Amino acid sequence: MSEVTWVSPVSILDSKILGVTFKMNEEAELSHARRSLTMSASIDAPSVTEGRLVGKCVLGASGDWFSGDEGGAPVFVASCEVGIVVAVDLEVVAELNDYEKAKYVSANALSLAYGKIRACIETITAESPVGRQTLPAIDHYALLESLQG
């Protein structure tokens with residue numbers, strides 16, 4: 001029986017938080033809050049460097065939380081932007097075509113960046129009057145397609 005390797009072959013070469021925002025309307029109530037999530041991304045086409053496929057991504061996420069009132073101003077806004085650089089050895093993706101290689105590296109960069117953004121949003125809201133908030137889980141391949149399409 002062969003052992004399953006659960007560690008990803010994708011390496012994080014660089015990761016930076018580029019900006020964080022937290023604004024709150026202290027007079028509003030958060031009962032039955034609804035959330036609106038906005039995403040933005042800049043994804044460079046992967047390049048080959050020293051036997052590795054390298055991908056770069058800047059991802060931004062902004063969550064607006066609203067009280068029960070329709071059309072009102074957000075109760076609070078929490079946003080974050082991160083930059084990330086990832087790489088994978090060419091041997092790992094050798095059987096993929098160029099499109100699939102680019103998609104694999106870019107989707108992994110998005111996934112890692114979003115994880116960092118989720119953690120950041122949870123941290124900045126943890127001590128707020130509304131308590132710790134989190135962003136929903138996402139399908140990073142679907143997000144990649146929506147950003148490119």
Side-chain angles (χ1 to χ4, degrees), residues 3-26 28 30 33-67 71-149:
E3 189 173 322
V4 175
T5 303
W6 53 269
V7 176
S8 174
V10 177
S11 300
I12 301 170
L13 302 181
D14 191 19
S15 174
K16 291 182 175 55
I17 295 175
L18 304 173
V20 176
T21 302
F22 179 74
K23 297 177 185 175
M24 181 160 179
N25 176 353
E26 294 184 27
L30 192 60
R34 54 189 165 72
R35 174 185 52 222
S36 169
L37 179 62
T38 305
M39 303 292 296
S40 64
S42 171
I43 304 167
D44 290 354
S47 60
V48 176
T49 306
E50 299 175 1
R52 296 187 293 180
L53 190 59
V54 178
K56 298 177 184 178
C57 171
V58 173
L59 181 66
S62 180
D64 296 343
W65 283 261
F66 298 87
S67 65
V75 174
F76 73 95
V77 176
S79 64
C80 185
E81 184 176 61
V82 302
I84 193 157
V85 181
V86 299
V88 64
D89 289 338
L90 288 174
E91 300 166 356
V92 173
V93 293
E95 294 183 13
L96 303 177
N97 65 40
D98 289 344
Y99 172 78
E100 292 168 331
K101 288 176 187 176
K103 185 176 176 180
Y104 178 82
V105 170
S106 297
N108 274 279
L110 277 173
S111 177
L112 292 164
Y114 191 72
K116 186 172 270 308
I117 285 174
R118 285 183 82 208
C120 189
I121 297 295
E122 287 180 359
T123 300
I124 64 176
T125 61
E127 299 296 323
S128 73
V130 295
R132 184 180 76 141
Q133 301 293 312
T134 191
L135 299 178
I138 63 166
D139 177 340
H140 50 275
Y141 281 103
L143 175 59
L144 178 63
E145 287 181 26
S146 74
L147 294 169
Q148 293 177 338

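Just so you know, these numbers come straight off a predicted model, no measurement behind them. Position 1 is the first residue of the sequence, and the numbers go up from there.
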For [X] versus [Y], what's the shortest heavy-atom pair and its separation?
X: Ala107; Y: His140; result: O-CD2, 3.4 Å
X: Ile124; Y: Thr21; result: CD1-O, 3.6 Å
X: Ala109; Y: Cys57; result: CB-CB, 3.9 Å
X: Gln133; Y: Thr125; result: N-OG1, 2.8 Å
X: Ser62; Y: Val77; result: OG-CG1, 3.8 Å
X: Val54; Y: Val85; result: CG1-CG1, 3.6 Å

Test side chain to side chain contact (heavy atoms under 4.5 Å, CB included) on Ser15 and Leu112 and set out the steps.
CA-CA 9 Å; Ser15 174; Leu112 292 164; over 6 Å; no

Value rounded to 0.5 Å, distance of [atom1] in [X] from [atom2] in [Y]:
X: Glu81; Y: Leu59; atom1: CD; atom2: CG; answer: 8.5 Å
X: Ser79; Y: Ile117; atom1: OG; atom2: CD1; answer: 9.0 Å
X: Leu110; Y: Leu143; atom1: CG; atom2: CG; answer: 5.0 Å
X: Asn108; Y: Ser8; atom1: CG; atom2: OG; answer: 5.5 Å
X: Tyr114; Y: Cys80; atom1: OH; atom2: SG; answer: 11.0 Å
X: Arg52; Y: Ser47; atom1: CZ; atom2: OG; answer: 10.5 Å

Do the ring planes of Trp65 and Phe76 sit parallel (below 30°), tilted (30 to 60°) or perpendicular (above 60°)?
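If you compare the ring of Trp65 with that of Phe76, the planes turn out parallel.
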
Main-chain N/O of [Y] paired with [X] side-chain donor or acceptor, under 3.5 Å:
X: Arg132; Y: Glu122; value: no
X: Asn97; Y: Tyr99; value: yes
X: Thr123; Y: Ala119; value: yes

What I'd like to find out is whether the side chain of Val105 reaches to under 4.5 Å of the side chain of Val86, using heavy atoms alone.
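Yes; the side chains approach each other to less than 4.5 Å.
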
Can you name the side chain to side chain donor-acceptor pair (under 3.5 Å) partners of Lys103, sequence neighbours left out?
Glu145

Around atom CG of Asp98, are there more than 12 heavy atoms of other residues, nucleotides or ligands at under 6.0 Å?
no

With a cut-off of 6.0 Å (strictly less than), are more than 12 heavy atoms of other residues, nucleotides or ligands near NZ of Lys116?
no

